[in-house]
Protein chains: 2
Amino acid sequence: MSQAGIDLGSSMGYLLKEASSALRAAMEEVLRPLGMTVTHYSCLELLAQRPGSSNSDLARGAFVTRQSMNVLLQNLERDGYVTRPAEAPVGKALPASLTPRGRRSLEQATAAVRSVEVRMLAGLTDADRSVAFRALQTMVRSLRGGDG
Amino acid sequence: MSQAGIDLGSSMGYLLKEASSALRAAMEEVLRPLGMTVTHYSCLELLAQRPGSSNSDLARGAFVTRQSMNVLLQNLERDGYVTRPAEAPVGKALPASLTPRGRRSLEQATAAVRSVEVRMLAGLTDADRSVAFRALQTMVRSLRGGDG
DNA sequence: TGACTCATGTCAGGAGTCTGACATACGGTT
DNA sequence: AACCGTATGTCAGACTCCTGACATGAGTCA
């Protein structure tokens with residue numbers, strides 16, 4: 001054979017998927033008792049850090065489509081975690097904000113997720129973390145570049 | 001506020017998700033012209049490297065459920081990319097293998113995916129890659145440990 | 001002013017995946 | 001031999017998310 005396939009054991013791509021999958025599973029595990037999914041949490045966290053984000057902003061930040069985020073936002077709004085004005089102040093974008101209830105809910109989730117991230121990084125030195133972090137940033141930039 | 005949320009811009013977890021998402025998008029882009037999804041490709045690649053894998057083996061390797069992989073395998077079998085014996089040689093596990101057609105199909109996909117991985121790693125030195133690779137391995141191990 | 005481009009919110013339909021459940025097969029323990 | 005725990009393949013139902021499409025609003029340029 002001229003090409004011997006991609007060795008999964010030494011493939012950065014496969015490992016990346018593996019790590020992402022393990023992280024997601026760990027997050028789901030700690031968020032489930034709070035009645036929250038990962039996308040649900042991501043939405044709240046994004047809103048806390050970027051108040052007034054639109055549906056599309058949140059979708060990009062949580063790596064889902066506008067349609068999926070919209071469904072989630074409608075539920076969060078119905079349950080009183082998030083508020084959106086009835087009319088757009090400018091354009092069509094509706095700026096969303098956390099309610100006090102949403103903020104309280106997020107606090108618990110943040111603590112849970114933080115513990116997962118701490119556990120994930122436990123075995124790494126600060127230097128390792130820095131290199132890995134910058135490497136991942138570089139990978140994202142290269143992948144998004146389209147043709148490098 | 002006692003806790004200031006998780007800063008997404010400096011969160012390893014968020015960056016990991018970002019990288020994984022970018023990688024998946026890039027893979028989908030190059031696999032779509034071949035009429036292949038990422039899971040589809042993963043299944044073929046796994047079978048090439050671990051011939052005789054069972055449905056459950058493949059599901060674990062591709063990070064999906066047995067049920068999802070089974071649907072995929074049935075389609076691949078129907079279309080002549082994969083073969084499985086009618087009866088299990090031992091237990092219930094049916095060892096799957098690539099057909100010549102499956103192998104040909106995989107060759108193209110492998111080349112496409114390899115180019116994505118090359119692009120992803122383009123801006124990194126060998127040393128950076130090594131550190132990042134080991135860091136990711138450590139993260140996976142820590143996350144799976146349950147309580148570190 | 002009018003035409004073009006882009007981003008946004010929203011609706012409908014469909015593909016992919018998951019949860020839940022059941023029967024079967026192996027291994028270890030009593 | 002009988003039991004139990006684990007792993008597997010499979011079926012059915014539901015859910016999530018995506019693709020495709022449309023109308024609206026803002027900005028740009030002639």
Side-chain angles (χ1 to χ4, degrees), chain A residues 17 20-22 24-25 27-29 31-33 35-43 46-47 50 52-78 82-97, chain B residues 17 20-29 31-44 46-47 50 52-79 81-97:
Chain A
K17 171 74 180 174
S20 178
S21 176
R24 186 175 190 89
M27 285 177 68
E28 281 171 349
E29 191 179 343
L31 288 174
R32 189 173 308 120
M36 224 181 273
T37 68
V38 174
T39 307
H40 184 141
Y41 157 74
S42 301
C43 177
L46 282 162
L47 268 181
R50 309 173 194 167
S53 289
S54 71
N55 176 36
S56 291
D57 290 334
L58 294 169
R60 275 188 294 270
F63 310 105
V64 296
T65 60
R66 287 172 294 165
Q67 292 84 339
S68 297
M69 182 55 75
N70 198 29
V71 172
L72 175 58
L73 269 181
Q74 284 171 357
N75 291 336
L76 291 177
E77 206 171 0
R78 165 173 54 79
V82 164
T83 52
R84 282 191 290 182
E87 298 224 341
V90 57
K92 294 189 69 180
L94 296 171
S97 321
Chain B
K17 171 75 179 173
S20 178
S21 176
L23 173 60
R24 186 175 191 89
M27 286 178 68
E28 281 171 349
E29 191 179 343
L31 288 175
R32 189 173 308 121
L34 304 176
M36 224 182 272
T37 67
V38 174
T39 307
H40 183 140
Y41 158 74
S42 301
C43 177
L44 264 46
L46 282 162
L47 269 181
R50 309 172 194 167
S53 289
S54 71
N55 176 36
S56 291
D57 289 335
L58 294 169
R60 276 187 293 269
F63 309 106
V64 297
T65 59
R66 284 172 294 163
Q67 292 85 339
S68 298
M69 182 54 74
N70 198 28
V71 172
L72 175 59
L73 269 181
Q74 283 171 357
N75 290 337
L76 291 177
E77 206 171 1
R78 164 174 54 80
D79 296 341
Y81 296 102
V82 165
T83 52
R84 283 191 289 182
E87 298 225 340
V90 57
K92 292 191 71 181
L94 296 172
S97 321

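All values derive from a computational prediction rather than experimental measurement. In the text below, chain A, chain B and the rest are named by the order of the sequence lines, each starting its count at 1.
Residue B:S68 places at least one side-chain N or O closer than 4.0 Å to OP1 or OP2 of C:dC18. Applying the 4.0 Å criterion to OP1 and OP2 of C:dG9, one finds that A:N70 has every side-chain N and O outside that range. Taking 4.0 angstrom as the limit, B:T39 places a side-chain polar atom (N or O) nearer than this to OP1 or OP2 of C:dT17. In terms of phosphate contacts, B:S56 brings no side-chain nitrogen or oxygen within less than 4.0 Å of OP1 or OP2 of D:dA7. Between A:R66 and the phosphate of C:dC11, there is no side-chain N or O to OP1/OP2 separation shorter than 4.0 Å.
In this structure the side chain of B:L46 never reaches within 4.5 angstrom of the side chain of B:D57, judged on heavy atoms. Contact annotation: the side chain of A:Q74 approaches that of A:R84 to within less than 4.5 Å [non-hydrogen atoms, C-beta and beyond].
Of the residues near DNA chain D, B:Q67 and A:Q67, the one whose nearest nucleotide (by heavy atom distance) lies more toward the 5' end is B:Q67. Nearest-nucleotide positions on DNA chain C for A:E28 and B:N75 put B:N75 closer to the 5' end.
Nearest nucleotide to the side chain of A:T65, out of D:dT19, C:dT8, D:dA26: D:dT19. Side-chain proximity of B:K92 to D:dT19, C:dT8, C:dA25: nearest is C:dA25.
Using a 4.0 Å heavy-atom criterion, one finds that A:L94 contacts the sugar-phosphate atoms exclusively. B:R84 comes within contact range of the sugar-phosphate backbone alone, with a heavy-atom separation under 4.0 Å but no base atom that close.
Judged by distance alone with a 3.5 Å cut-off, no donor-acceptor contact links the side chain of A:Q74 to the base of C:dG9.
Counting to the nearest Å, the P atom of D:dT10 and the CD atom of B:E77 are 9 Å from each other.
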